[in-house]
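Heads up, the thing below is written out as structure tokens.
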Amino acid sequence: MEELHIIKSLQAKTVEALRNCYELEESPDSILINFTKKEFDGEYTIVLFPYVKRLKQSPQEIGTKIGDYLQENHDFVKSYGIVSGFLNLSLSNSYWHNILLGINDADSFGHKPKNGEKILIEYSSPNTNKPLHLGHIRNILLGHSCAEIYEAEGYDVIRTQIVNDRGIAVCKSMYAWQEYGNGETPESSNTKGDHFVGKYYVLFDKKFREEYQSWQSSDEAKEVLINNIKDGQSDEAFFNNYKNQYFNSFSKIGKATSSLLKKWEADDAETVALWKKLNGWVYDGFNVTYDALGVAFTKLYYESDTYKLGRDVVNQGLEKSLYYKLEDGSIWVDLEDAGLDKKILLRSDGTAVYMTQDIGTAMQRYQDFNVNKMVYVVGDEQNYHFKVLFEILKRLGEPYADGLHHLSYGMVDLPEGKMKSREGTVVDADDLIKEVITEAAYAAKDSAVLNELNDESKSEIYRKIGLAALKFQILKVGATRRMTFDPKESVDMQGTTGPYIQNAFVRIQSILRKIDENEGASDYGDYILNTDEIHLLRTMANYPDVISNAASEYDPSIVAQYVYGLAKQYHKFHHDFRIIGAESESAKWFRISLIKEIAKILESSINLLGIEMPERM
RNA sequence: GGUCUCUUAGCUCAACUGGAUAGAGCAGCUGCCUUCUAAGCAGCAGGUUCCAGGUUCGAGUCCUGGAGGGAUCACCA
């Protein structure tokens, strides 16, 4: 369906015009074509400035020549107008009819055929010691949406995570549960598993602080204080700083926790069983949240499996003298010629650091899936880490090194400022999901349409609407941007929101339900489109490019802006024009096929954001 | 302090990657439901695009300097 690619086609015709009129060879991509501003006539605008100097003619002259050429040689160009340096083209009525037919014929308009390429996308990747929060939601939605977008673009997509299931944090929950839990379980306490384990993580912290507090008045503490305090430092400031050292050197429960970690690393059966039990609860909890958000994964990677990966690769790098070894045995890579620093890859005791694991994991994934592209959806606080990782993989000559991308998204702030777990301002994912659904139900309480439905259908609709509000609010913001999330706005259902878009779809469905399909569409080929219809078709025809653009930018907000724009255009059209009661039979049937396709594109594009359409609302 | 990054209407965000008079939503004010779903539409008001220079036909967008926020500079992950 090349004909549907209006801009590409116009670029090609413009190249042809420049060649035939001026013997000027231009590449199609260099021809700048925009949507015509609404205050001027026309649909597409060719920017003429670039040729003014080279052709030594005025924009008026160049525009006239190209305009005349296009009009004479390509009958789909109906007319043109020149305003300052812009050549505005109007396309013919039959051309727009063909566009609509083409969209209708397309199997799944906007989606590209399989291109045989694979892409792996890593997202979510939580720690297993506390429940998911608002920050994870942004991560998950971005990752899931990118996966959908790449699938639409023709890729095979592997959705994955690296679950941070090991380390001292997990052991804290384990210790606290063992010590204070009295055998309590998520079932016995009727608590979601991740929240249950998170409770013990918090409890650990509380117990530790209590222990630390009382230790501070001991003789031992006084001695430490006298020997280590800096001039001018208050006792309080000293102890605040000393927390980690206390944990490692003096704390009873700190020692107990470290010993759990050592036993875990030594594969102690009892410890591993405890670890598995708690992590199992956490996973049960996470899965509930993933289900609620409608996301799933192809394969999960666990740090407990991968944390030893990468070490032998480091030794290989050492042999190729990509890396060097210090006297203490630690191994480093020097990336200063790439504008980066020196980075440790193996500790002096021979154990791996985070970077090493990531090298090993990337290789593992390549082995597992033979992918040429890998995307990491990780917050922008790790920008430097990924620069280094990608540079190292490049130097190792990994075959996928050019296909690596860090989808670096900005942190989510609240109107009051940053989320801080210490101050209890972290927005819990499950609470938030529940809240938006409740709010959607509340907003619908007076809806005559919905009140006719049974409870099950109603709550399904509330779920779709509430999640749409939440997801759209997050995804409409450019992925790399830091964003402010106002919970009050997330339950807003008016304006630039998910429900606004759903409503456009629902209004179409409502009309289509009233159509008697048996009546049969009369031929509407002679129907003369009005400006609003042409502009709708122009937006619709742009959908494939929007997907491609969103994919190459790794940015779902491009799709979000698009689908909002289409919904907005439709709402106005719906308000201004009658469809069933149109002024003529041909207008009626043209509009019916038009809105059918609008509905399909609205649904298809909002699905790329992980949002579902209700039939009624 | 070094490096990276951000700053657009009262608030939250756009601006097709250098193109026409910088656009939406929210909040505020005003209209429009016996007519296909008003979770809608239309209107009013709101701007020195942080500041100062530079590049060119043309700058919110590019370059330099400055101000203010954020991130990061571990043998943590």
Side-chain angles (χ1 to χ4, degrees), chain A residues 7 32-37 39-40 45 47-50 52-53 59 83-86 88 127 164 166-169 244 303 307 326 328-332 339-341 344-349 351-355 357-358 379-385 387 408 410-411 413 415 418 440 443-444 447-450 465 469 473 476-478 480-486 488-489 492-504 506-515 542 545-546 549 553 557-558 561-562 564-565 568 570-582 595 616-617:
Chain A
I7 291 186
L32 186 56
I33 296 182
N34 297 326
F35 284 5
T36 303
K37 296 255 168 206
E39 50 269 43
F40 303 106
T45 295
V47 183
L48 300 171
F49 293 109
V52 171
K53 209 180 228 175
V83 182
S84 61
F86 301 93
N88 302 325
N127 296 347
N164 183 3
R166 60 174 279 276
I168 197 74
N244 279 336
E303 268 196 24
Y307 80 110
L326 292 185
D328 64 5
S330 58
I331 296 176
W332 297 70
L340 303 166
D341 295 305
I344 188 161
L345 294 177
L346 279 186
R347 298 191 187 102
S348 46
D349 64 3
T351 55
V353 294
Y354 182 42
M355 187 66 68
Q357 287 178 54
D358 271 2
D380 61 10
E381 67 222 341
Q382 293 197 43
N383 282 353
Y384 185 74
H385 171 79
K387 268 191 194 169
S408 160
M411 296 290 102
D413 292 326
K418 296 173 71 167
S447 162
V449 180
L450 292 187
I465 297 175
Q473 198 203 353
K476 72 180 177 186
V477 180
T480 59
R481 280 182 72 99
R482 192 180 184 96
M483 68 175 285
T484 303
F485 180 92
D486 188 341
K488 287 203 289 291
E489 277 176 32
D492 216 337
M493 314 268 159
Q494 264 109 39
T496 317
T497 65
Y500 173 92
I501 296 160
Q502 290 176 318
N503 186 232
V506 162
R507 292 175 100 180
I508 294 176
Q509 298 315 307
S510 172
I511 293 173
L512 295 179
R513 251 180 261 123
K514 293 185 166 64
I515 303 296
N542 198 223
D545 281 353
V546 170
N549 198 227
E553 298 292 321
S557 78
I558 293 171
Q561 298 296 147
Y562 172 80
Y564 170 70
K568 190 175 161 65
Y570 177 73
H571 274 304
K572 180 167 172 50
F573 182 72
H574 181 96
H575 177 268
D576 289 350
F577 298 93
R578 306 244 87 217
I579 290 154
I580 293 174
I595 68 172
R616 298 163 212 266
M617 65 193 290

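Letters A, B, ... are given to chains in the order of the sequence lines, protein chains preceding strands, and every chain is numbered from 1. For the numbers below, each heavy atom of this structure counts, side chains included, while hydrogens, waters and symmetry mates do not.
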Return the CD1 to CE distance between Ile344(A) and Met355(A), rounded to the nearest 0.5 Å. 11.5 Å
Counting heavy atoms from C-beta on, name the nucleotide in rC41(B), rA77(B), rG70(B) closest to the side chain of Asn164(A). rA77(B)
Rounding to an integer number of Å, can you tell me how far Tyr562(A) OH sits from rA24(B) P? 19 Å
For Arg482(A), enumerate each residue passing the side chain to side chain donor-acceptor pair (under 3.5 Å) test, keeping only those at least two apart in sequence or located in another chain. Asp413(A)
Applying a 4.0 Å non-hydrogen cut-off, can you work out what Asp486(A) is touching in the nucleic acid: base, sugar-phosphate, or nothing? nothing
Between the base of rA20(B) and the side chain of Asn88(A), is one N or O donor paired with an acceptor at under 3.5 angstrom? yes
Counting only side-chain nitrogens and oxygens, does Lys568(A) get under 4.0 Å of the OP1 or OP2 atom of rG40(B)? no
Parallel under 30°, tilted from 30 to 60°, perpendicular over 60°: which one fits the rings of Tyr354(A) and His385(A)? parallel
Atom CD1 of Ile580(A) to atom C1' of rU35(B): distance rounded to whole Å? 11 Å
Ala504(A) near the nucleic acid: base, sugar-phosphate alone, or nothing, with a heavy-atom cut-off under 4.0 Å? nothing
What residues form a side chain to side chain donor-acceptor pair (under 3.5 Å) with Thr45(A), not counting sequence neighbours? Thr36(A), Asn88(A)
Would you mind classifying the nucleic acid contact of Val506(A) as base, sugar-phosphate or nothing, using non-hydrogen atoms under 4.0 angstrom? base
Any cation-pi pair here, Arg507(A) with Tyr570(A), using under 6.0 Å and within 45°? no
Residues at least two apart in sequence or cross-chain that pass side-chain contact (heavy atoms from CB on, under 4.5 Å) with Lys514(A), listed by chain then number, are Ser510(A), Ile580(A)
Applying a 3.5 Å limit to both distances, which nucleotide forms a Watson-Crick or G-U wobble pair with rU49(B)? none
Rounded interatomic separation in angstrom, taking CZ from Phe86(A) and C1' from rA20(B): 4 Å
Contact state string [nucleotides 4-18 of chain B, B base, S sugar-phosphate only, - no protein heavy atom under 4.0 Å]: ---S----SSS--B-
Smallest heavy-atom separation, Val52(A) atom then Pro59(A) atom, equals CG2-CG, 3.7 Å
Distance in angstrom units between His575(A) NE2 and rC33(B) P, rounded: 10 Å
If you pin Glu39(A) and Ile511(A) to their nearest nucleotides in RNA chain B, which one's is more 5'? Glu39(A)
Asp492(A) CG to rA27(B) P, straight-line distance once rounded to whole Å: 6 Å
Arg513(A) near the nucleic acid: base, sugar-phosphate alone, or nothing, with a heavy-atom cut-off under 4.0 Å? nothing
Reckon Leu340(A) touches a base, only the sugar-phosphate, or nothing at all at heavy-atom distances under 4.0 Å? nothing
Using Watson-Crick or G-U wobble geometry with both distances under 3.5 Å, which nucleotide pairs with rC57(B)? rG19(B)
So, using side chain to side chain donor-acceptor pair (under 3.5 Å) as the criterion, who are the partners of Asn244(A) when residues are at least two apart? none
Interatomic distance at C1', rU48(B) relative to rG53(B), whole Å: 16 Å
When we call it a touch if two heavy atoms are under 4.0 Å apart, what does His574(A) touch: a base, just sugar-phosphate, or nothing? base
Whole Å only: how far is the CG atom of Leu346(A) from the C1' atom of rA74(B)? 16 Å
With respect to the phosphate group of rA77(B), does any side-chain polar atom (N or O) of Tyr384(A) fall under 4.0 Å of OP1 or OP2? no
What is the distance, to the nearest angstrom, from the CD atom on Gln494(A) to the C1' atom on rG40(B)? 9 Å
Closest heavy-atom contact between Phe485(A) and Pro415(A)? O-CD, 3.2 Å
Reckon Phe577(A) touches a base, only the sugar-phosphate, or nothing at all at heavy-atom distances under 4.0 Å? base
Is the base of rU17(B) syn or anti, where syn means the angle lies within 90° of 0? syn
For rU8(B), the nucleotide meeting Watson-Crick or G-U wobble distances (both under 3.5 Å) is none
For rA27(B), the Watson-Crick or wobble counterpart (both distances under 3.5 Å): none
Answer for the Watson-Crick or wobble partner of rC33(B), both distances under 3.5 Å, is none
For Asp341(A) and Tyr384(A), test the side chains for any donor-to-acceptor distance below 3.5 angstrom and give the result as yes or no. yes
Which heavy-atom pair separates Leu450(A) from Ala444(A) by the least distance, and what is that distance? CD1-CB, 3.7 Å
Side chain proximity check, Lys418(A) to Met411(A), heavy atoms < 4.5 angstrom: no
Classified by glycosidic angle (syn within 90° of 0, else anti), rC33(B) comes out syn
Heavy-atom donor-acceptor pair, Thr45(A) side-chain to rA20(B) base, under 3.5 Å: yes
Using a cutoff of under 3.5 Å, can you pull out all pairs of nitrogen or oxygen atoms linking the protein to nucleotides 55-57 of chain B, with atom names and distances?
residue	atom	partner	partner atom	Å
rC57(B)	OP1	Lys53(A)	NZ	2.3

Distance check needed: rC76(B) P versus Ile344(A) CD1, whole Å only. 8 Å
